[in-house]
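Just passing along the structure, written as structure tokens.
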Amino acid sequence: QVQLVESGGGLVQAGDSLRLSCALSGRTVSTYAMGWFRQTPGKEREFVSAISLSGARTSYSDSVKGRFTVSRDNAKNTMYLRMNSLKPEDTAVYYCAAKSTYRVPVTAGEYDYWGQGTQVTVSS
């Protein structure tokens, strides 16, 4: 059974940076493409970023492109999301997800496993 645990969320000011981590256990992380999504109350889960098995391919939503960077360390079974120049509209619960595929899935419905989420709050 795959388990995902996010960490690194918190309260920051606009313009600050944060790095989220997602640790995968139960399987070898290198067999899973992974993604980040975020959600605010009353809204659907929104795609943020995704990364391929090896880390060679990445994808970003237009709203975070140029500010966020996804990476992974398969030796540590961990994926990261470096978030720079944070804005109040980045405030959300951030979730990581995993799917055993060679593709880079960008929709929530494609993923099989999800973490419990970590809150990111950006004050203006």
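Keep in mind the model is a prediction, meaning the values are calculated, not measured.
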The reported gap from CG in D112 to OG in S100 (rounded to nearest 0.5 angstrom) is 8.0 Å
Is a side-chain donor or acceptor of T78 paired with a backbone partner of D73 at a separation under 3.5 angstrom?
no
Practice problem: Please confirm whether the backbone N or O of S63 pairs with a side-chain atom of R67, one donor and one acceptor, at under 3.5 Å? | Solution: yes
Do the charged groups of K99 and E110 touch, with an N to O distance under 4.0 Å?
-> no
Separation between OH (Y94) and SG (C22), nearest 0.5 Å, reads 14.5 Å
Here the pair of heavy atoms bringing V70 nearest to A50 is CG1-O, 3.8 Å
Smallest heavy-atom separation, Y111 atom then P105 atom, equals OH-O, 2.7 Å
Between the CG atom in L24 and the NZ atom in K76, the distance rounded to the nearest 0.5 Å is 15.5 Å
Enumerate donor-acceptor pairs with a distance under 3.5 Å from any side-chain N or O in residues 79-87 to protein atoms, sequence neighbours excluded.
residue	atom	partner	partner atom	Å
R82	NE	N84	OD1	3.1
N84	OD1	S17	OG	2.9

Rounding to 0.5 Å, atoms OH (Y60) and CD1 (I51) come to a distance of 7.0 Å
Tightest non-hydrogen contact, residues S59 and V104, listed as CB-CG1, 4.1 Å
If you group Ile, Leu, Val, Met, Phe, Trp and Tyr by side-chain heavy-atom gaps below 4.5 Å, do F68 and F47 land in one group? no
Report yes or no: does E6 contribute a side-chain atom to a donor-acceptor pair with the main-chain N or O of G117 at less than 3.5 Å? yes
Between S52 and R72 the two heavy atoms that sit nearest each other are O-NH1, 2.7 Å
inquiry  = Check for me whether the distance between the ring centres of Y95 and F37 falls short of 6.0 Å.
reply    = no
(Q) Checking side-chain polar atoms at under 3.5 Å, does Q119 have a donor or acceptor matched by the opposite partner on T121? (A) yes
Taken to the nearest 0.5 Å, the spacing of W36 CH2 from C96 SG works out to 5.0 Å
The reported gap from OH in Y113 to CD in Q1 (rounded to nearest 0.5 angstrom) is 5.5 Å
TODO: Answer yes or no: is there a donor N or O on one side and an acceptor on the other, between the side chain of N74 and the main chain of T31, under 3.5 Å?
DONE: no
Minimal heavy-atom distance between A92 and T40, with the atoms involved, is CB-CG2, 3.7 Å
- Message: Assigning hydrophobic clusters by single linkage (Ile, Leu, Val, Met, Phe, Trp, Tyr; side-chain heavy-atom cutoff under 4.5 Å), is V2 placed with M34?
- Response: yes
Tightest non-hydrogen contact, residues R38 and V64, listed as NH1-CG1, 3.9 Å
